[in-house]
Amino acid sequence: MFREAVIEALTRALGADAAACGDLGALLAPPPKVEMGDLAFPCFALAKSRRAAPPKIAADLAAAIQDAGLAAGGAIAEVKALGPYVNFFADPVAELQGLCRAVADGSFFAATRTAAPQRVMIEFSQPNTHKVFHVGHLRNVAVGDALVRIFRARGHDVVAANYYGDFGIDVAKCLYQLGTGQQGSPPAEGRTAWLGEAYVAANAPLAVAKKKIEEAAAAEDDEAKQAAIAAHTAIFAPIRAVLTALETGDPETMALYRETRQWCLDEFARIYAWLGVQFDHDFFESEVEEEGARLVDEYLAKGVFVESRGAIIADLEADGLPVALVRKSDGSSLYLTWDLALARRKFDEFGIETSIYVVGAEQTLHFQQLFAALAKMGYARAKDCRHIAYELVMLPSGKMSSRNGTAIPLHELRTRVTDAIRAKMEAEARPERAAWSETQWQATIERVAIACLKYGMLKVGTTRRVIFDIEDWTNPEGDTGAYLLYSLARIAGIQRKAEQTVALDADVPAGSGFGNDAERALVGHLQRYGAEVARAEETCDPSGLAAFLFDGAKHFSRFYQECPVLQAEPALRKARLMLAAATQAVFTRALDLLGIEPVEAM
RNA sequence: GCGGGCGUAGCUCAAUGGAUAGAGCACCUGACUACGGAUCAGGAGGUUAGAGGUUCGAGUCCUCUCGCCCGUACCA
C-alpha cells in the first residue's frame, strides 16, 4: 500500500522524467535510520536531464508531491527532502494494519512465491559410511536443509536428496583393518566412531608411504622412488583385495560390509532426526558404481573418453579444464565416474529442471569437470547443474582433522552443547519452568542447542570459513540462536500474561499514539521478509536470512524495552499486542526456513 | 606456474554501486518499584591490505602488486 502510493506519487511528480528513471520500485530503498523515513528515492540519475544538483531536485520533488497532496489513501504520512534523497514516511497505523491483515490472511507469506517455479533437486549432506560424522559435516546439513526450505518457500517443487558414500576404497580400508583383528571388537556405543578409527588406522601407513614417494620424486631420486612405490604397493595390495572382494560380492566380505554399513546408516538417521532434517530420496554410491563403469565403456566406445597413461580420461582442454580421470589404470572407478551416472539418473528419473549440489568449496574443480564432462557426453542438461560451494569449518585452534582427533564427533558434540545450555538455564530459575517434566526440559534444551548450532553455521556467508567455538556459540550474550529464541520466549510471555488474545485481522485502533521510532522500525523491518527470502534463493546463501532474524530480534528488544505492552492504554495496548503477534509469526516462519524451531519459554 | 576463494574495528563477521562503512564479543559508563537482565542505552575503537582506473558516487566493478587458504589425473 505505502510502497505503491510512493511509486504513484513519484510517477506523477516526475512527469516525463519518470521513464528516464527506469523501474522506480527498484530505486526505492529504506534509509539507513528510521528517523529518516521508511522509503527513500535517490535523485542522482535525474541530475543530467534536469540540469540541476541532486539535493535541489530532491527538494523540488518533495515540494511537488506535498503540493499535490498526500491524502490519497492516507498511506504516506510525510514526505521531505534529505540531501539528494526524497524520503517518505509511512503512516504507522496503516502499515501495522496492512502487515497484520496480510499475515492473518496468508498473503504475507504467499508473496514469497516466485512467478517461475521449477522442479529442483538439492543434493546435500553426502555422509561417508565407515567414517566419523563430525562438526564439519554439520555445516553442509544446515546449509542444504535451509536451501530446501527456502526454495520451497519460493514455491519450487523441491526434491531433497542425500547421497551416501557407502562404497569405494575408503570403505575397503576400514573393512581391511577390521579383518586384521587389530581393532578389537565393536563397543556397545559409538560404533560408527569406532569404524572411523579403523579407517584412520588403515589409512595412516598408506599416507606415510605416499609421502615418501612424493619426497623421492621431488628429490629426483629414481631408485628411492621405485623402492617407495614398492613399499606402498605392498601395503595397498591387501586393501585392494578387499575392494575386489566387495566388487565381486565375496560372501564373507559382503556380510561384514552390510552389517557395518547399516550401523552407519542407523547413526545418520538418528542425527537427521535430531536435527529435524528430512530427505525425499536417498542415493548410494554402491548403486551407481556399476552404472558408472558401464557409462565409461559406452563413452569410451563413442570416443568421448580416451585412454591415457593406462587410465581412461575425459579430455576437457576445450573447456580450459585439466583432464578428468574416469577410470583408474587398475580398472576401478572414481567419485567422478559415479557422479556422472548419478547426474544422468537425476534428470532422467526425477524429471527435475535444476540440479543443485551442496558440496565444499574444495571440490569446485570436481564439479567444473563433472558438468563439462556431461556436456561433452551430449547432455544438454549440464547447464542446469549448479554447485553451491561453502567453506570449511575451523576450530579456534585451527583446521580440524579426524586424524589427530580434533574433529568433534557429532554424538560428543550433542552432549557438550546440551550440557552447556542446561547449565545456563539452571543458573536462573523461571516460574514458567517450575512445573516442567524432565521431558519438557530435555525438549527445550535440545531446541536451544540446535538453534545455536544451526544459526552459528548459517550466519556466516557460504564463501567464508566458519569458526566453531562451543563457548561462543552456546554461552554468549549476543549474536546467537539463543538470542533469537529468547525474543520469541518474551513474546510468548507477554501473550501468556495478556488476559485476552488479539486477532491479527482485528482493526488497529486509531489515535492510540502508536508509531514511535521503535515501533516503526520493527514494522518496517518485518516488511522486508519477502525480499530477504527472494535474495536467499537467488544467492543460494541463507546467511542473509540469519541476519534478518538477528536484526529483527534487536528491533524487537528495543521495542520491548521502550514500549510497555500490557500496561499501555487499551488502544495502544491492542496495537502493540498485534505488533507482537505479527513479529512472532514472521520470526517463526523465518526461523523455520533455517530449520530452527522456537520455544515458548526457556 | 595456472585456476578459484578470502583480505573491513583488538577478535568474529555485516554492508542489491548510494546518505556519517555497521553489528556481536572483549573493554569503559549508565538504565527500570516494569511484560523475562540470555536485556536495553551510551562511549571508545577504521587510511575497508596497497597502487592506479571506471562512475555524479567504489568496501563493492576493472587492471596491477602483496599476503593467507583451497584445488591442480589414478583420494573422496
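By convention in this document, chain letters (A, B, ...) are assigned in the order of the sequence lines, proteins followed by strands, and residues within each chain are numbered from 1. Quick note: numbers below take in every heavy atom, side chains included, and nothing from hydrogens, waters or symmetry partners.
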Run the salt-bridge test on A:R558 and A:E562 with the 4.0 Å N-O cut-off and return the result as yes or no.
-> yes

What do you reckon, are the aromatic ring centroids of A:F167 and A:F284 less than 6.0 Å apart?
-> no

Going by an N to O cut-off under 4.0 Å, is there a salt bridge joining A:E391 and A:R464?
-> no

Establish, from distance only, whether the side-chain atoms of A:N140 and A:S125 form a donor-acceptor pair under 3.5 Å.
-> no

ring-ring contact (aromatic ring centres under 6.0 Å, His included) test vs A:Y357 passes for just one of A:Y163, A:F283, A:F371, namely A:F371

Which of B:A19, B:C35, B:G24 is nearest the side chain of A:I494? It is B:C35

Atom-to-atom span, CE of A:M394 to P of B:C68 - whole angstrom = 15 Å

Base, sugar-phosphate alone, or nothing: which one does A:P31 contact when heavy atoms must sit under 4.0 Å apart?
-> base

P spacing across the pair B:C6 / B:A49, given as an integer number of angstrom = 13 Å

Measure the distance from CG on A:D23 to C1' on B:U16 and round it to the nearest whole Å.
-> 13 Å

Counterpart base for B:U33, defined by Watson-Crick or G-U wobble contacts under 3.5 Å = none

Indicate whether the side chain of A:D541 and that of A:Y390 have a donor and an acceptor atom separated by less than 3.5 Å.
-> no

From B:U39, B:C56, B:C69, nucleotide with atom closest to A:K48 side chain = B:C56

For A:P32, which contact category applies under a 4.0 Å heavy-atom criterion: base, sugar-phosphate, or nothing?
-> base

May I ask you to say what A:A580 touches in the nucleic acid, namely base, sugar-phosphate or nothing, with a heavy-atom cut-off under 4.0 Å?
-> nothing

Hey, is the main chain of A:P322 close enough, under 3.5 Å, to the side chain of A:E317 for a donor-acceptor pair?
-> no

Using a heavy-atom cut-off of under 4.0 Å over every strand shown, decide if A:K554 touches base, sugar-phosphate, or nothing.
-> sugar-phosphate

Quickly work out the A:R490 CZ to B:U39 P distance and round it to whole Å.
-> 8 Å

Starting at CZ of A:F556 and ending at P of B:G36, how long is that distance when rounded to a whole Å?
-> 10 Å

Find the distance A:I388:CD1 to B:G5:C1' and express it as a whole number of Å.
-> 15 Å

Quick one, give me the B/S/- string for nucleotides 71-76 of chain B, reading 5' to 3', where B means a protein heavy atom under 4.0 Å from the base and S means that only happens at the primed atoms, P, OP1 or OP2.
-> SSBBSB

For atom P, what is the distance between B:C40 and B:C56, given to the nearest Å?
-> 43 Å

Contact class for A:G544 (heavy atom, under 4.0 Å): base, sugar-phosphate, or nothing?
-> nothing

Minimum-distance nucleotide (side-chain atoms of A:K424 versus B:A38, B:C13, B:A41) = B:A38

Looking at A:F548, does the NZ or CZ of A:R528 lie under 6.0 angstrom from its six-membered ring centre and within 45 degrees of the ring axis?
-> no

Pairing nucleotide - B:C2, Watson-Crick or G-U, each distance under 3.5 Å | B:G71

Can you say whether the rings of A:Y560 and A:F556 are parallel (under 30°), tilted (30 to 60°) or perpendicular (over 60°)?
-> tilted

Please give, in whole Å, the distance from B:G5 C1' to A:H387 NE2?
-> 12 Å

pair_partner(B:A21), Watson-Crick or wobble, both distances < 3.5 Å, evaluates to none

Check every strand shown and say whether A:F550 touches a base, only sugar-phosphate, or nothing at a heavy-atom separation below 4.0 Å.
-> sugar-phosphate

How would you label the contact of A:Y483 with the nucleic acid (heavy atoms, under 4.0 Å): base, sugar-phosphate, or nothing?
-> sugar-phosphate

Under 4.0 Å between any heavy atoms, over every strand shown, what does A:N87 touch: base, sugar-phosphate, or nothing? Just pick one.
-> base

Separation of B:C56 P from A:F44 CZ (nearest whole Å) | 12 Å

Mind checking A:A53 for me? I need base, sugar-phosphate or nothing, with any heavy atom below 4.0 Å counting as a touch.
-> nothing

Counterpart base for B:U55, defined by Watson-Crick or G-U wobble contacts under 3.5 Å | none

Of the listed B:G36, B:C35, B:C40, the closest approach to the A:A601 side chain comes from B:G36

Considering only B:A38, B:A19, B:C13, which nucleotide approaches the side chain of A:R464 most closely?
-> B:C13

